[in-house]
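These notes are about the structure you will find just below.
Read the numbers this way: they start at 1 and go in the same order the structure lists the ligands and their atoms. The first residue of the sequence shown is numbered 1, and numbering continues consecutively from there. Computation of the quantities below employed the complete heavy-atom set of this structure, encompassing side-chain atoms and omitting hydrogens, waters and symmetry-equivalent molecules.
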Amino acid sequence: MQGLHASLAGSLKAAVNAVIDDGAFCGGPHVQRFEAEFAEFVGARYAVGVQSGTAALMAALHAAGVGPGDQVIAPTNTFVATVGAIQAVGATPVLCDVDPHTLLMTHATAVAHVRPQTKAIVPVHLYGQLAELNGLRALAREHMLVLVEDAAQAHGATDGARSAGTFGSAGCFSFYPGKNLGALGEAGALVTDSSELAEAARKYRNHGGTVRYEHDTFGLNFRMAGFQGAALSVKLKLLESWNARRREVAARYRNAFAELPGLRCVALGETARREPRAHVYHQFVVRVSAREEFRSRLSERGIDTGIHYPTPVHLMPAYRHLKQPEGRLPNAEQAAKEVVSLPMFPTLSDAQVERVVEAVSAVAKELDGGE
Ligand SMILES: Cc1ncc(COP(=O)(O)O)c(C=O)c1O
């Protein structure tokens with residue numbers, strides 16, 4: 001991402017200077033402008049800027065009335081913040097398995113966890129791929145559940161009609177610097193079509209009120225910094241082109257790896273097979289059973305890889321109290337042992353992509369031949 005910021009340095013510095021000139025450091029006009037632009041970008045009526053994706057999830061859940069005594073279903077194959085936010089608003093996370101092919105929560109993996117106490121479901125558009133929302137929306141409708149999307153990795157993913165974040169009561173985004181749309185530090189936002197939910201979230205991020213020293217409801221300080229709003233406005237203009245480049249790189253990888261022995265690309269769901277823009281490739285993830293050997297051989301060839309994520313949330317010490325022991329959510333547990341994220345960012349050059357393709361192909365063949 002270094003190269004990406006270097007090419008934008010002039011506009012980012014001008015945006016930061018404008019915040020200094022206006023003295024608008026906490027919330028204020030630069031955040032409001034970004035909120036309007038981001039709401040328009042995703043096709044929602046309102047966006048509420050906050051300090052992080054975690055804060056966006058907390059604000060959305062709280063504003064949707066989720067709290068103590070409620071159960072909230074979320075996938076165990078996610079970044080831990082999805083689950084932390086549920087616990088932070090006082091609700092009980094109920095973790096569900098994921099589809100063995102897409103590694104996303106679906107109606108089929110969530111339905112068995114619905115109880116009378118279930119108040120909400122939080123599908124995660126993990127790796128940048130839209131979860132299959134038709135089934136999940138039907139589940140929410142049938143059981144009168146709140147649907148909050150964790151779209152922290154899926155800025156701009158669309159099924160052609162709607163964008164990630166606009167399928168339920170609210171959608172939550174992270175602008176952590178490494179995300180498809182990243183700030184110059186921590187930031188996040190939620191989007192919604194509900195004026196009541198937006199108003200409740202605005203209060204929650206500002207000590208429970210929108211007028212100074214008037215506190216109508218419980219709230220904390222989750223305001224977005226002015227610098228971040230200003231920087232995000234600059235970067236939002238380029239998001240579509242960055243997502244398009246990510247998809248181009250992904251298409252090359254998919255094509256090159258289709259026949260490789262011992263390696264599988266994480267499968268596309270039905271929506272992404274029909275509509276390529278349904279995946280914005282925050283990560284490009286493959287599965288390899290000899291993962292550690294695969295990664296270390298790639299590393300010897302100068303290719304860095306990641307793991308998203310090495311431990312499903314239900315097996316983390318922090319969430320042992322949820323009493324979902326090993327073996328209970330087998331698809332996610334198996335995936336956690338095999339997933340590898342390959343280099344994926346919009347500034348990858350064609351030559352760099354070819355280096356990755358050559359190295360991955362060579363290592364997969366070596367491992368297959370027992371070398
Ligand atoms: C799926 C998911 N949910 C939530 C978050 C939390 O966002 P943040 O790091 O901005 O708090 C992240 C980002 O790290 C994420 O990837």
Side-chain angles (χ1 to χ4, degrees), residues 1 31 34 38 47-62 72-89 93 95-96 98 102-105 120-131 133 136 147-157 164-165 167-168 170-191 201 204-205 220-225 227-229 231-232 235 246 266 279-285 306-314 316 318-319 332 335-336 339 341 344-345:
M1 295 304 254
V31 170
F34 171 68
F38 192 65
V48 179
V50 290
Q51 271 171 8
S52 66
T54 310
L57 285 160
M58 288 170 63
L61 291 166
H62 179 84
V72 179
I73 303 172
T76 191
N77 181 34
T78 185
F79 180 62
V80 68
T82 315
V83 186
I86 296 167
Q87 185 157 315
V89 298
L95 298 173
C96 71
V98 289
T102 62
L103 306 186
L104 303 175
M105 169 175 163
I121 55 175
V122 184
V124 181
H125 304 299
L126 200 70
Y127 310 140
Q129 185 180 183
L130 269 186
L133 282 155
L136 290 166
L147 171 59
V148 170
E149 297 165 67
D150 182 339
Q153 303 189 357
H155 320 71
F167 289 84
C172 302
F173 293 85
S174 164
F175 305 121
Y176 180 77
K179 295 290 195 265
N180 289 37
L181 177 62
L184 300 182
E186 308 281 357
L190 64 92
V191 299
Y204 184 70
R205 76 170 169 188
L220 293 163
N221 173 11
F222 291 126
R223 293 181 299 255
M224 182 189 272
F227 287 135
Q228 305 307 351
L232 285 163
K235 293 179 75 179
R246 285 175 186 268
V266 166
H279 204 325
V280 292
Y281 290 98
H282 177 57
Q283 303 291 353
F284 188 92
V285 179
I307 300 181
H308 300 91
Y309 293 93
T311 310
V313 178
H314 69 287
M316 292 180 179
Y319 291 98
V339 286
S341 305
M344 172 54 80
F345 35 92

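Residues Asp150 and Leu57 meet the side-chain proximity criterion, which asks for heavy atoms closer than 4.5 Å. At a threshold of 4.5 Å between non-hydrogen side-chain atoms, the residues Val124 and Glu149 do not count as touching.
Using cut-offs of 30° and 60° on the angle between ring planes, the pair His125 and Phe167 is tilted.
Across Asn180 and His282, no two heavy atoms sit closer than the pair OD1-ND1, 2.9 Å.
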Would you tabulate the polar-atom pairs, meaning N/O of ligand 1 against N/O of the protein, with distances under 3.5 Å, reported to 0.1 Å?
from, atom 1, to, atom 2, distance (Å)
ligand 1, 3 (N), Asp150, OD1, 3.3
ligand 1, 3 (N), Asp150, OD2, 2.7
ligand 1, 7 (O), Ser174, OG, 3.4
ligand 1, 10 (O), Gly53, N, 2.7
ligand 1, 10 (O), Ser174, OG, 2.7
ligand 1, 11 (O), Gly53, N, 3.3
ligand 1, 11 (O), Thr54, N, 2.9
ligand 1, 11 (O), Thr54, OG1, 2.5
ligand 1, 14 (O), Lys179, NZ, 2.9
ligand 1, 16 (O), Gln153, NE2, 2.9
ligand 1, 16 (O), Lys179, NZ, 3.4

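Between Val313 and the options Asn77, Thr82, Thr78, a side-chain contact (heavy atoms from CB on, under 4.5 Å) holds for only Thr78.
Between Tyr204 and Phe222, the ring centre distance stays below 6.0 Å.
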